[in-house]
Amino acid sequence: MGLDGKVVVVTGGTRGVGAGIAKAFSEAGADVLVCARRPPEVPLAGGEFRPLDLRDPEAVRAFFAALPRLDVLVNNAGGTPYRRLTDVDAERHARVIELNLVSPLTVSLAAYEHLKRVRGSVVMIGSVSGGRPSPGSAAYGAAKAGLESLARSMAVEWAPEVRVNTLVVGMVRTERSSLHYGGEDGIAGVSRTVPLGRLAEPADVGAAAVFLASDAAAYISGASLLVHGGGERPAFLDAATVNNGRQGGMT
């Protein structure tokens, strides 16, 4: 899946999943630009950092207008703190939606002419939170659901020149995992709920992103690729008093 000489922009790629994506593209031969508000705390492996506030539409448009070429856009920037709906006002939740949904739209529109010119590709980094209840991160889940829908519509409107796909990412082990799952005991406990028995590594997400952007996925557009280790074992299987060791069950 060589991407030699391709120019790739990864938003928010300074740590965690984004850094893993940037590294994967670099290892595939691409020239990688990572943009975020703040520089990385540790040097990027194979990527060049450019400062950019993704919530500033004018700055975003100027950033992409200055690029001589763009082949792949990875809309990775996003995230949210744990915050129940009644903990803060609607304006705070709206900022989460702005970062996770409005900003990828702004960035994609700014990148469109570049991508159209070279028949390029957009990879949205979605989340399983967009397809299930997400208590404590409801605004984030709503934004990720919207992002997946946006990608499907974008794939139709921009075809055949630009392919658009979504990686629907499950739980990933990063330097910030303890904020979500606790220490090693918590991470180990959460890992046991995943059918494959572990959290994803950033490299797992990076490999999937490279695949979707490569010629190996040339006929894939408007798709949502699940990168979640098999999902979640249904809770009723463990609560039931019969057939506890079986994987199936009635619906």
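All values below come from the heavy atoms of this structure, side chains included, with hydrogens, waters and symmetry mates left out. Note that the structure is a prediction, hence the values are computed from the model and not measured.
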Measure the [atom1]-[atom2] distance between [X] and [Y] for me, rounded to the nearest 0.5 Å.
| X | Y | atom1 | atom2 | answer |
| --- | --- | --- | --- | --- |
| L147 | N100 | CG | CG | 8.0 Å |
| L54 | E98 | CG | CD | 10.0 Å |
| L115 | E161 | CG | CD | 11.0 Å |
| S221 | R152 | OG | CZ | 12.0 Å |
| S127 | Y140 | OG | OH | 4.0 Å |

Would you kindly confirm whether [X] and [Y] end up in one hydrophobic cluster when ILVMFWY residues are joined by side chain heavy atoms under 4.5 Å apart?
| X | Y | answer |
| --- | --- | --- |
| V107 | L105 | yes |
| V164 | L167 | no |
| I220 | I125 | yes |
| I21 | V9 | no |
| V60 | L150 | yes |

Would you check if the side chain of [X] reaches a backbone N or O of [Y] as a donor-acceptor pair within less than 3.5 Å?
| X | Y | result |
| --- | --- | --- |
| S137 | Y82 | no |
| T166 | M124 | no |
| D238 | A235 | no |
| D56 | A59 | yes |
| H114 | L67 | yes |
| R163 | G222 | no |
| S214 | F211 | yes |
| R173 | S191 | no |
| T193 | V190 | yes |

Hey, is [X] close enough to [Y] for a salt bridge, meaning N to O under 4.0 Å?
| X | Y | answer |
| --- | --- | --- |
| E148 | K144 | no |
| E113 | K116 | no |
| R132 | E232 | yes |

Quick one: side chains of residues 71-78, donor-acceptor pairs under 3.5 Å with protein atoms, not counting sequence neighbours, listed by atom name and distance.
residue: D71; atom: OD1; partner: R69; partner atom: NE; Å: 3.2
residue: D71; atom: OD1; partner: R69; partner atom: NH2; Å: 2.7
residue: D71; atom: OD2; partner: V7; partner atom: N; Å: 2.8
residue: D71; atom: OD2; partner: R69; partner atom: NE; Å: 2.8
residue: N75; atom: ND2; partner: S108; partner atom: OG; Å: 3.0
residue: N76; atom: ND2; partner: T11; partner atom: O; Å: 3.0
residue: N76; atom: ND2; partner: G12; partner atom: O; Å: 3.0

Return the minimal non-hydrogen interatomic distance between [X] and [Y], and the atom names on each side.
| X | Y | result |
| --- | --- | --- |
| G231 | P195 | O-CD, 3.0 Å |
| S134 | G141 | OG-CA, 4.3 Å |
| I97 | A139 | CG1-O, 3.7 Å |

task = Can you tell me which residue pairs pass the ring-ring contact (aromatic ring centres under 6.0 Å, His included) test with a partner in residues 40-76, sequence neighbours excluded?
result =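 Residue pairs with at least one partner in residues 40-76: there are none.
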
Side-chain donor-acceptor distances from residues 200-210 under 3.5 Å, at least two apart:
residue: D204; atom: OD2; partner: R198; partner atom: NH1; Å: 2.9
residue: D204; atom: OD2; partner: R198; partner atom: NH2; Å: 3.3
residue: D204; atom: OD2; partner: E201; partner atom: N; Å: 2.8

Do [X] and [Y] come within less than 4.5 Å of each other through their side chains, counting heavy atoms only?
| X | Y | result |
| --- | --- | --- |
| V122 | V162 | yes |
| H228 | V168 | no |
| N165 | L225 | no |
| L99 | V96 | no |

task = Identify, with sequence neighbours excluded, every residue that meets salt bridge (charged side-chain N to carboxylate O under 4.0 Å, His left out) alongside R50.
result =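 Testing R50 for salt bridge (charged side-chain N to carboxylate O under 4.0 Å, His left out), a comparison that skips the adjacent residues, returns E48.
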
request  = Quick one: list whatever passes salt bridge (charged side-chain N to carboxylate O under 4.0 Å, His left out) with R83, sequence neighbours left out.
outcome  =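 R83 satisfies salt bridge (charged side-chain N to carboxylate O under 4.0 Å, His left out) with no residue once adjacent residues are dropped.
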
inquiry  = Check this for me: D89, atom CG, are more than 12 non-hydrogen atoms of other residues, nucleotides or ligands nearer than 6.0 Å?
reply    =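 Result for CG/D89: enclosed.
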
Only pairs under 3.5 Å count here: list side-chain donor-acceptor contacts from residues 29-40, not counting sequence neighbours, and write none if there are none.
none

